[in-house]
**Q** 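Below is a structure I'd like to ask you about.
Chain letters run A, B, ... following the sequence lines, proteins first and then strands; every chain starts at 1. Keep in mind that this is a model prediction, so the values were computed, not measured.
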There are 4 protein chains.
Amino acid sequence: MKKDWTPEQTEKRRLILDAARELFSKEGVSNVSMRRIAAKVNYSPALIYRYVKNKEELLDQLRTEGYQILLNRMSRLEVDPDPIKYLTDLAVEYSGFGVDYWEYYDLMFHMPIQISEDGTVPVKGYEAVLGMVRNAVEQAIKAGHFAGCSVDEAMFMSWSQIHGLLSLYISGRTPFHIGEDRAKVMLQEIPRHFLRIVATGKK
Amino acid sequence: MKKDWTPEQTEKRRLILDAARELFSKEGVSNVSMRRIAAKVNYSPALIYRYVKNKEELLDQLRTEGYQILLNRMSRLEVDPDPIKYLTDLAVEYSGFGVDYWEYYDLMFHMPIQISEDGTVPVKGYEAVLGMVRNAVEQAIKAGHFAGCSVDEAMFMSWSQIHGLLSLYISGRTPFHIGEDRAKVMLQEIPRHFLRIVATGKK
Amino acid sequence: MKKDWTPEQTEKRRLILDAARELFSKEGVSNVSMRRIAAKVNYSPALIYRYVKNKEELLDQLRTEGYQILLNRMSRLEVDPDPIKYLTDLAVEYSGFGVDYWEYYDLMFHMPIQISEDGTVPVKGYEAVLGMVRNAVEQAIKAGHFAGCSVDEAMFMSWSQIHGLLSLYISGRTPFHIGEDRAKVMLQEIPRHFLRIVATGKK
Amino acid sequence: MKKDWTPEQTEKRRLILDAARELFSKEGVSNVSMRRIAAKVNYSPALIYRYVKNKEELLDQLRTEGYQILLNRMSRLEVDPDPIKYLTDLAVEYSGFGVDYWEYYDLMFHMPIQISEDGTVPVKGYEAVLGMVRNAVEQAIKAGHFAGCSVDEAMFMSWSQIHGLLSLYISGRTPFHIGEDRAKVMLQEIPRHFLRIVATGKK
DNA sequence: CATGAATGAGAATTCATTCAT
DNA sequence: TATGAATGAATTCTCATTCAT
């Protein structure tokens with residue numbers, strides 16, 4: 001499945017990938033058959049296989065694309081001298097991606113992760129994305145933030161805060177009033193509250 | 001599937017549900033057939049349908065049970081006068097459930113939510129669970145915490161922090177070193193860091 | 001696919017195996033689909049799989065049965081003190097099987113042989129059959145026959161003479177006049193000519 | 001597919017046939033798709049059908065070619081005055097063909113024979129090949145060999161001896177030690193033993 | 001002459017589910 | 001109550017073949 005694609009072919013492949021992405025997140029990967037993807041783009045089931053090797057490759061391609069887009073968005077940020085500012089920028093960008101491309105996000109971060117024998121994740125881009133976050137967290141710790149946290153801990157807490165928001169958002173669990181633009185409200189939360197969930201109990 | 005169950009019937013239904021849950025969690029919902037559930041409890045495939053309407057109802061039932069268990073765990077907590085302490089207790093209990101019953105959790109909080117026409121979630125227990133959290137958050141706000149946050153906001157941030165941790169944990173994305181007990185490490189994080197992601201930038 | 005079969009089940013499995021055998025030799029193994037086998041016995045395609053694990057197992061079963069039948073026929077012979085007489089008896093029995101069960105024979109001796117890593121043939125019965133022939137040939141050599149031949153050679157020549165007859169017979173290449181009973185004529189040839197193709201040229 | 005071929009067309013058809021033969025022999029007729037044949041000669045699948053009517057015709061053509069090659073090899077022999085010598089020469093040539101072109105041989109002599117209404121075999125060359133053998137046998141009988149055999153019988157025995165060797169050889173059933181050159185060993189057997197399987201029982 | 005696009009038919013399986021007994 | 005038998009519909013994927021260009 002690499003050949004040299006003509007523009008038309010690329011376009012058709014795109015069509016298929018998009019249809020698949022939509023269906024996958026609407027109904028779950030395993031409830032979507034190649035047939036249904038074909039039907040959605042008005043192709044015969046057999047034709048799908050001229051543009052996509054198989055279901056596996058289709059999923060991999062979507063995931064890889066997702067990581068690439070996310071990576072691009074995160075990379076275009078300037079590195080702010082204030083590591084917390086930078087980390088927040090990253091979070092904003094990450095969430096923006098999650099909201100704009102929630103179908104991708106679903107495929108990228110909700111499926112059980114595959115780890116190859118050497119301990120790495122075999123989908124291109126995954127490690128790169130997490131690496132950026134990790135570096136930013138590391139800088140923040142060096143600058144005295146996240147008192148008492150290891151890099152792992154700080155990274156995990158930061159990541160999971162944003163991931164939690166996106167995950168609930170994607171599955172429709174944002175507790176905001178129906179009628180409002182969920183996405184917009186969601187995205188306002190991030191810069192306002194990221195890394196600032198402070199509940200100052202007397203302890 | 002609403003008949004009046006005799007105790008024996010209830011017990012058998014129980015057996016089936018348990019088998020289903022175990023299989024689902026071990027192999028993923030869509031990789032488990034009704035046949036395999038039947039085999040696991042030594043019933044004929046047909047008999048399953050005496051106790052369970054179909055796969056869908058089976059899943060719904062499991063979800064409902066999940067909410068019930070979670071509700072029980074959260075309810076048995078004493079309400080600490082310090083609302084932050086209580087909220088943290090709730091978080092610990094919630095996460096404990098998520099780790100112990102991650103297979104339930106997956107079914108309960110990762111699938112797209114179904115909302116009925118009147119705006120409620122038709123699965124029994126769901127609203128109750130969230131209600132408890134909401135109340136606790138409300139108390140905390142009244143006590144002066146979460147400065148500047150609406151109840152919705154504070155509730156969403158708190159929930160998604162924990163949900164994010166669990167979600168990443170369930171899909172295998174905890175960035176801790178292999179070999180450690182992921183579950184244990186994960187659970188240590190919660191009381192240590194919940195509601196305390198503070199990054200004091202100079203701003 | 002072992003379970004304990006009830007008599008009815010055994011019978012149905014038999015039905016399927018027989019249908020498969022007929023189709024296989026009439027049209028070639030790879031031109032016969034499970035669907036067609038199902039159709040031939042008036043079952044739904046799915047039902048086939050209650051009685052047979054898959055196409056592979058079906059073929060293996062048929063082959064194994066074939067070797068068993070052949071082995072039985074060859075085993076019931078008394079060992080004649082004259083090794084040539086005995087060898088001829090074996091040949092007659094072997095050919096009788098080949099003619100009576102030519103569909104089996106086709107599956108057993110015309111498909112490319114599978115040899116496992118340890119150099120043996122993994123289908124039960126194959127080695128046993130050849131072993132009997134080999135022993136008989138060995139006795140004959142010890143008794144002074146097959147002058148100048150190794151056991152391998154003598155065994156190969158004897159075997160291939162009969163196999164050649166059967167192979168041509170099965171594929172319809174017996175050059176006897178149409179209308180005669182090909183099978184009968186064929187079988188007469190064996191005792192008359194086996195091991196006696198003597199063309200004493202003056203050289 | 002009878003058009004008048006230009007030399008270029010003939011050449012291309014040749015290319016396709018050769019590719020097909022190679023693939024067929026390497027992987028078995030039913031494991032080779034028209035696509036793969038096309039790919040092997042760097043044609044588009046569609047183009048194949050300009051030079052070959054369909055898979056069936058392709059096979060028929062290969063068979064016909066096979067008979068032609070075999071016929072050529074057998075024809076180039078001088079007719080030895082000793083009919084047994086000549087018959088042996090034919091056998092050697094026939095087996096040489098079978099070993100060199102075993103893929104052809106398989107197609108030519110293992111598939112069920114098609115006989116047309118007038119009792120002849122509709123594939124060109126088949127009758128001619130057998131005719132040569134038949135004649136040679138006839139001469140041998142006239143010269144006093146094959147005592148007591150009809151032409152049919154003698155012809156059938158001779159043919160099936162060689163065919164048996166080739167058939168077992170092709171399906172991998174030569175009982176010679178692995179590591180030796182099976183083909184070479186096989187071919188040595190023919191002149192050594194053809195028409196000389198003598199087992200002189202005391203009887 | 002040549003090809004890319006396209007497809008209907010079919011391959012081996014599997015599954016949720018029903019039904020007669 | 002319980003089950004074995006049965007199946008229609010679905011799954012992923014391949015293939016021989018046609019046709020418009």
Side-chain angles (χ1 to χ4, degrees), chain A residues 3-6 8-9 11-13 29-39 41-58, chain B residues 6 8-9 12 30-39 41-59, chain C residues 3-6 8-9 12 29-39 41-58, chain D residues 6 8-9 12 30-39 41-59:
Chain A
K3 265 201 303 183
D4 296 330
W5 302 92
T6 70
E8 290 86 8
Q9 287 172 330
E11 198 182 337
K12 286 188 179 152
R13 182 170 152 101
V29 169
S30 55
N31 295 319
V32 173
S33 67
M34 294 301 262
R35 278 173 122 82
R36 295 207 28 220
I37 298 172
V41 293
N42 274 324
Y43 284 175
S44 74
L47 192 49
I48 293 281
Y49 291 88
R50 285 184 70 83
Y51 299 99
V52 143
K53 196 174 159 223
N54 52 27
K55 209 179 181 181
E56 184 71 7
E57 197 237 23
L58 206 166
Chain B
T6 71
E8 289 85 9
Q9 287 173 327
K12 285 187 178 157
S30 54
N31 296 319
V32 173
S33 66
M34 296 299 261
R35 276 198 118 70
R36 299 220 8 233
I37 298 172
V41 294
N42 275 325
Y43 286 176
S44 72
L47 191 50
I48 294 280
Y49 290 87
R50 294 242 162 222
Y51 297 100
V52 143
K53 195 174 156 222
N54 54 27
K55 209 178 182 183
E56 191 53 38
E57 197 240 19
L58 204 165
L59 277 170
Chain C
K3 264 202 302 186
D4 296 331
W5 302 91
T6 69
E8 289 86 8
Q9 285 171 332
K12 286 191 178 152
V29 168
S30 55
N31 296 318
V32 173
S33 66
M34 296 300 263
R35 281 174 119 82
R36 295 208 27 220
I37 298 171
V41 293
N42 273 326
Y43 285 175
S44 73
L47 192 48
I48 293 281
Y49 291 87
R50 285 185 69 83
Y51 299 98
V52 143
K53 195 174 158 226
N54 52 30
K55 208 178 181 181
E56 184 69 9
E57 196 237 22
L58 206 165
Chain D
T6 71
E8 290 85 9
Q9 286 172 329
K12 285 186 180 159
S30 55
N31 296 318
V32 172
S33 66
M34 295 299 262
R35 278 196 116 70
R36 300 225 2 239
I37 297 172
V41 293
N42 275 324
Y43 286 176
S44 71
L47 191 50
I48 294 279
Y49 291 87
R50 294 243 161 219
Y51 298 99
V52 145
K53 194 174 156 222
N54 53 28
K55 209 178 183 182
E56 192 51 38
E57 196 240 20
L58 205 164
L59 278 170

**Q** From CD of Gln9(A) over to P of dT3(E), roughly how many Å is that when rounded to an integer?
**A** 14 Å
**Q** Roughly how far apart are Met34(B) CE and Asn54(B) CG, rounded to 0.5 Å?
**A** 6.5 Å
**Q** For Lys55(A) and Asn42(C), take the nucleotide of DNA chain F holding the closest heavy atom to each; which residue's nucleotide lies nearer the 5' end?
**A**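 Looking at DNA chain F, the more 5' nearest nucleotide goes with Asn42(C).
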**Q** From CG of Leu58(D) over to C1' of dT17(F), roughly how many Å is that when rounded to an integer?
**A** 14 Å
**Q** Is any side-chain N or O of Tyr51(A) closer than 4.0 Å to OP1 or OP2 of dG4(E)?
**A**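 No, because none of the side-chain N or O atoms of Tyr51(A) sits under 4.0 Å from OP1 or OP2 of dG4(E).
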**Q** Check the distance between dA11(E)'s P and Ile48(C)'s CD1 and give it to me in whole angstrom.
**A**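 One finds 13 Å between P of dA11(E) and CD1 of Ile48(C), rounded.
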**Q** To the nearest Å, how far apart are Tyr43(D) OH and dA2(E) C1'?
**A** 10 Å
**Q** For the OG atom of Ser30(A) and the NZ atom of Lys55(A), what is their distance to the nearest 0.5 Å?
**A**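 The distance works out to 6.5 Å.
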**Q** Could you tell me the separation between the CD atom of Glu8(C) and the C1' atom of dG4(F), rounded to a whole number of Å?
**A**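 These atoms are roughly 11 Å apart.
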**Q** For Lys12(A) and for Glu56(C), locate the closest nucleotide of DNA chain E by heavy-atom distance; then report the residue assigned to the nucleotide nearer the 5' terminus.
**A** Lys12(A)
**Q** Can you tell me the pairing partner of dC19(E) across any strand shown, Watson-Crick or G-U wobble, with both distances under 3.5 angstrom?
**A**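 Paired with dC19(E), as far as the under-3.5 Å criterion goes, is dG4(F).
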**Q** Any side-chain heavy atom of Ile37(B) sitting closer than 4.5 Å to one from Leu58(B)?
**A** yes
**Q** Please give, in whole Å, the distance from dA6(E) C1' to Tyr49(D) OH?
**A**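 Answer to the nearest Å: 14 Å.
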**Q** Which comes earlier along DNA chain E counting from the 5' end, the contact point of Arg35(C) or that of Ala46(C), where each point is its nearest nucleotide?
**A** Arg35(C)
**Q** When you check the gap from the basic side-chain N to the acidic O, do Arg13(A) and Glu57(A) get nearer than 4.0 Å?
**A** yes
**Q** If only side-chain N and O atoms of Arg50(A) are considered, is one of them under 4.0 Å from the OP1 or OP2 phosphate oxygen of dG4(E)?
**A**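 No, no such contact exists.
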**Q** CE of Met34(B) versus P of dT7(F): gap in Å, rounded?
**A** 21 Å
**Q** Could you check which of dT1(F), dT13(E), dT17(F) has an atom nearest any side-chain atom of Pro45(C)?
**A**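 Looking only at side-chain atoms, Pro45(C) lies closest to dT13(E).
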**Q** Rounded to the Å, how far apart are Glu57(C) CD and dT13(E) C1'?
**A** 14 Å
**Q** Verify the contact: side-chain N or O of Ser44(C) to OP1 or OP2 of dG8(F), cut-off strictly under 4.0 Å; return yes or no.
**A**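 No, Ser44(C) has no side-chain N/O under 4.0 Å of OP1/OP2 on dG8(F).
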**Q** Choose from dT7(F), dT11(F), dC13(F) the nucleotide whose nearest atom is closest to any side-chain atom of Leu47(C).
**A** dT7(F)
**Q** About how many Å separate CZ of Arg50(A) and CD of Gln9(A), when rounded to the nearest 0.5 Å?
**A** 7.0 Å
